[in-house]
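First up is the structure itself, then whatever we jot down about it.
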Number of protein chains: 2
Amino acid sequence: MKVYTIRDIAEMAGVSVTTVSRVLNHRPDVNQATRKKVEEIIRDCHFVGNSNARGLKQGNEVIGVVIRGRSNPFLSSLAEAILDRADTVPDNFVTEYIDEKDDEFQTAVRMTRQNHVKGLIFVGSLIDDRVRAIKGMDVPMVFTTVNAETAALPRASSIAVDDRAMGRLVAEELLSLGHTRIAVFGSNPVAGDSLAMRFSGFCEAFAERGLTYDKTLYRETRFSYDAGYEVAKVFFEERPDATALFAMSDTVAVGAIRALKDLGRSVPGDVSIVGFDGIDISRFMVPRLTTVEQPVGEIARRSVNLLLDMMEKRAAPRHILVEALFRKRESIAQCSRT
Amino acid sequence: MKVYTIRDIAEMAGVSVTTVSRVLNHRPDVNQATRKKVEEIIRDCHFVGNSNARGLKQGNEVIGVVIRGRSNPFLSSLAEAILDRADTVPDNFVTEYIDEKDDEFQTAVRMTRQNHVKGLIFVGSLIDDRVRAIKGMDVPMVFTTVNAETAALPRASSIAVDDRAMGRLVAEELLSLGHTRIAVFGSNPVAGDSLAMRFSGFCEAFAERGLTYDKTLYRETRFSYDAGYEVAKVFFEERPDATALFAMSDTVAVGAIRALKDLGRSVPGDVSIVGFDGIDISRFMVPRLTTVEQPVGEIARRSVNLLLDMMEKRAAPRHILVEALFRKRESIAQCSRT
DNA sequence: GCCGAAAACGTTACCGTTACCGTTTCCGGA
DNA sequence: TCCGGAAACGGTAACGGTAACGTTTTCGGC
């Protein structure tokens with residue numbers, strides 16, 4: 001099973017390597033008959049150009065997709081959607097999947113500094129360390145989350161749902177069902193980031209009704225089934241007065257449902273629950289989970305477009321908010337206590 | 001932000017490009033002092049070698065990970081574990097994530113025929129078309145599923161749980177709880193593949209007790225939440241006599257739990273359910289899902305090792321069975337009907 | 001002091017492809 | 001008939017590394 005080069009093909013077709021290259025790259029200045037013959041031979045030999053040689057010569061554009069928290073189904077599905085989308089873009093773009101583990105991230109940073117990585121998309125929020133590391137990197141970046149610090153970077157775009165509005169909407173829905181003592185499980189919010197916005201929108205809804213949100217009902221947690229379970233188990237024993245929960249990640253909501261069941265409390269009978277993200281499983285939970293569904297496909301598509309625009313057309317950074325959908329399902333009900 | 005080449009580094013260090021290359025590749029024949037100086041300059045410049053150039057010269061080894069059915073959390077987590085593992089192997093191995101979509105698969109096949117892909121790992125069962133396509137490809141392959149046809153390929157290894165034994169175990173557990181009318185939701189089994197083995201082990205347990213499994217209780221379905229929901233909804237209306245379900249994928253089990261709830265049947269009160277795979281969510285379902293947990297990490301690690309052994313040491317193909325764990329949880333109970 | 005081996009380093013020819021310049025062929029119009 | 005230009009195609013120098021091979025230097029042993 002020989003591995004053919006462009007030269008072999010040229011020889012077999014009785015043309016020069018240049019002509020074969022032209023055929024390969026769909027350039028116009030080659031005769032129809034010649035093109036056809038070359039294409040035929042290429043097909044017969046199952047010839048595929050050597051991507052290293054092409055990359056070396058042309059200087060291909062590597063774009064990195066950095067993901068933090070793959071155990072979160074929302075983030076991993078978003079990352080996959082982005083990779084999928086990136087693979088369909090016309091030409092020599094190579095996509096690199098970068099886990100935000102220490103060494104892998106460091107390599108990515110070095111490669112970026114060396115101009116081998118020409119663009120970055122970040123999935124999931126970055127920890128402070130990382131933000132410091134990417135400051136001063138002069139490549140286009142796209143964040144799928146809102147963050148005041150990264151938004152200030154000169155070449156950073158962002159695309160995310162309107163967290164403030166959705167946070168407010170969640171509060172309004174729960175308040176209108178009579179809930180006032182609503183637990184909120186968030187995660188390590190930094191001033192001006194997605195989670196902080198969600199929370200501030202949430203509090204605004206209280207303010208609009210002349211109420212103030214009781215911040216002793218707020219807890220921090222990692223976004224995973226396990227963490228959600230643990231924090232809920234402890235919280236609802238401490239605070240049996242809470243009648244509802246807004247979990248800023250569906251994973252946490254799922255863990256909390258399980259924990260409440262173990263505590264002998266019913267959902268939504270005793271506690272109403274709203275999640276965030278709209279992961280697949282949310283439609284199949286018992287009870288079906290009320291959640292804010294993020295448009296994964298749209299975010300994926302547009303984040304890649306944003307990056308490409310900045311890379312190719314040197315477009316200015318943009319900060320886009322997309323529509324999320326409030327999915328009202330079985331996990332919330334009228335408040336039964338006052 | 002200049003992008004340095006090995007030549008720039010050489011000039012700055014006052015040595016030849018070869019010496020720099022030697023330092024880069026940790027070769028012994030270079031003086032300590034020289035090495036240190038070169039390394040310093042490399043660090044200062046954030047220099048990273050051009051992978052295309054290296055790949056072109058050395059001919060890097062590309063291994064492809066082909067995945068079918070990413071919507072299944074088990075398969076996607078297995079695929080990620082494999083990619084993770086593959087990224088830690090010492091040297092110039094490039095891992096390519098290949099979705100089993102038509103065009104992507106075709107490209108992979110072409111690249112493989114062209115000897116650009118030097119090894120393949122398949123995650124999830126292949127459809128017949130694909131099996132035909134990979135026949136006659138002369139590269140090492142590893143399957144994470146059992147299949148009589150692929151097992152016959154001269155350079156194919158496999159690693160999977162002992163499906164027959166686990167199928168038998170599931171049946172034994174349910175039989176010992178008094179269940180005899182047990183639905184089985186499988187998927188398109190081919191003689192001698194994982195699913196067929198599971199089913200035949202399952203039937204064997206019946207035979208050993210002098211029973212024969214009633215095959216009208218068997219249904220086929222895709223492995224997804226949605227499909228599981230749909231098939232269960234229809235099935236349990238048709239066959240209210242079934243007292244248990246063995247779903248060959250946790251996703252199907254999850255869908256079925258939801259469907260039974262909608263039909264007003266309780267799990268495990270009216271119907272006991274056993275899944276397969278051990279996806280994360282299984283521990284958090286209400287009720288917690290009894291399942292056969294596959295050792296994802298071990299399968300990932302060993303599949304990469306198997307492939308590497310075949311590629312580098314030209315080791316003979318091996319067919320390995322690993323231990324799965326029966327996780328008895330809340331979704332099964334004593335049968336209440338006869 | 002000389003020899004020879006080993007250590008340290010340099011020269012240079014590739015790897016497969018593309019792109020810059022050519023060159024050749026063909027053809028319509030003056 | 002000749003000319004000019006477009007269409008079609010070819011020769012060859014890069015791209016940035018690596019490695020085979022050649023050269024110089026060092027140094028211990030006799």
Side-chain angles (χ1 to χ4, degrees), chain A residues 2-39 41-42 45-62 90-94 110-111 114-118, chain B residues 2-39 41-42 45-62 90-94 110-111 114-118:
Chain A
K2 184 178 173 355
V3 25
Y4 296 95
T5 75
I6 204 177
R7 238 170 286 271
D8 299 321
I9 305 295
E11 196 175 337
M12 293 166 73
V15 297
S16 75
V17 289
T18 309
T19 302
V20 177
S21 174
R22 275 194 267 255
V23 171
L24 247 31
N25 294 286
H26 305 105
R27 282 194 212 298
D29 51 350
V30 40
N31 186 285
Q32 275 305 322
T34 317
R35 183 188 299 274
K36 215 166 146 205
K37 189 206 266 175
V38 173
E39 278 173 346
I41 295 179
I42 287 175
C45 300
H46 302 285
F47 172 81
V48 178
N50 181 311
S51 59
N52 280 320
R54 196 196 345 272
L56 174 58
K57 185 68 191 173
Q58 297 191 318
N60 48 9
E61 315 270 292
V62 177
D91 242 354
N92 54 349
F93 282 87
V94 183
R110 286 181 59 200
M111 289 186 62
Q114 249 296 287
N115 262 15
H116 280 131
V117 174
K118 306 283 181 50
Chain B
K2 183 179 172 358
V3 27
Y4 295 96
T5 76
I6 202 177
R7 247 167 276 270
D8 298 322
I9 305 296
E11 195 174 338
M12 293 166 76
V15 296
S16 76
V17 289
T18 309
T19 302
V20 177
S21 174
R22 275 194 267 256
V23 171
L24 247 32
N25 294 286
H26 305 102
R27 284 197 209 295
D29 50 350
V30 40
N31 186 286
Q32 274 305 324
T34 316
R35 182 188 300 274
K36 215 167 147 203
K37 188 205 266 173
V38 173
E39 278 172 347
I41 295 180
I42 287 176
C45 300
H46 302 284
F47 172 80
V48 178
N50 180 311
S51 60
N52 280 321
R54 199 197 342 276
L56 175 58
K57 181 69 190 178
Q58 297 191 319
N60 48 10
E61 315 269 292
V62 177
D91 242 353
N92 55 350
F93 282 87
V94 182
R110 287 180 59 199
M111 289 186 64
Q114 250 296 287
N115 262 16
H116 281 130
V117 174
K118 305 285 181 50

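Owing to the predicted nature of the structure, the values given are computational and were not obtained by experimental measurement.
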Q) What do the steps show when you test B:V15 against B:V20 for side-chain contact (heavy atoms from CB on, under 4.5 Å), and what is the final call? A) CA-CA 7 Å; B:V15 296; B:V20 177; 3.9 Å; yes
Q: Tell me, with the steps shown, if B:N25 and B:S21 meet side-chain contact (heavy atoms from CB on, under 4.5 Å).
A: CA-CA 6 Å; B:N25 294 286; B:S21 174; 3.4 Å; yes
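Dashed line: the shortest gap from a side-chain N or O of B:S21 to OP1 or OP2 of D:dT18 is under 4.0 Å.
Nearest heavy-atom pair across B:K118 and B:G59 is NZ-O, 4.4 Å. For the pair A:F47 and A:Y4, the tightest heavy-atom approach, listed with the atom from each and the gap, is CE1-O, 3.5 Å. The shortest non-hydrogen separation linking B:G49 to B:R54 is O-NH2, 3.8 Å.
Rounding to the nearest 0.5 Å gives a distance of 9.5 Å between OG of A:S51 and CG of B:L56. With values rounded to the nearest 0.5 angstrom, A:T18 atom OG1 is found 8.0 Å from A:I6 atom CD1.
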Pairwise N/O distances under 3.5 Å, protein to nucleotides 8-11 of chain C:
unit_1, atom_1, unit_2, atom_2, d
C:dC9, OP1, B:T34, OG1, 2.4
C:dC9, OP2, B:N31, N, 2.7
C:dC9, OP2, B:T34, OG1, 3.4
C:dG10, OP1, B:S16, N, 3.3
C:dG10, OP2, B:S16, N, 2.7
C:dG10, OP2, B:S16, OG, 2.8
C:dG10, OP2, B:T19, OG1, 2.7
C:dG10, N7, B:R22, NH2, 3.0
C:dG10, O6, B:R22, NH1, 3.4
C:dG10, O6, B:R22, NH2, 3.3
C:dT11, O4, B:T18, OG1, 2.6

Detail all sub-3.5 Å separations between protein N/O atoms and N/O atoms belonging to nucleotides 13-16 of chain C.
unit_1, atom_1, unit_2, atom_2, d
C:dC14, O2, B:K57, NZ, 2.8

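For residues 5-19 of chain B, the set of pairs meeting the salt bridge (charged side-chain N to carboxylate O under 4.0 Å, His left out) definition, not counting sequence neighbours, comprises B:K2-B:D8.
For the pairing with A:L24, the side-chain contact (heavy atoms from CB on, under 4.5 Å) check across A:I9, A:V48, A:I42 returns one residue only, A:I42.
Computed from C1' positions of five pairs at each end, the angle between the two local axes of the helix from C:dG1-D:dC30 to C:dA30-D:dT1 equals 50°, rounded to 10 degrees.
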With a 3.5 Å cut-off and sequence neighbours excluded, list the donor-acceptor pairs that the side chains of residues 29-39 of chain B form with protein atoms.
unit_1, atom_1, unit_2, atom_2, d
B:N31, OD1, B:A33, N, 2.7
B:R35, NH2, B:R27, O, 2.6

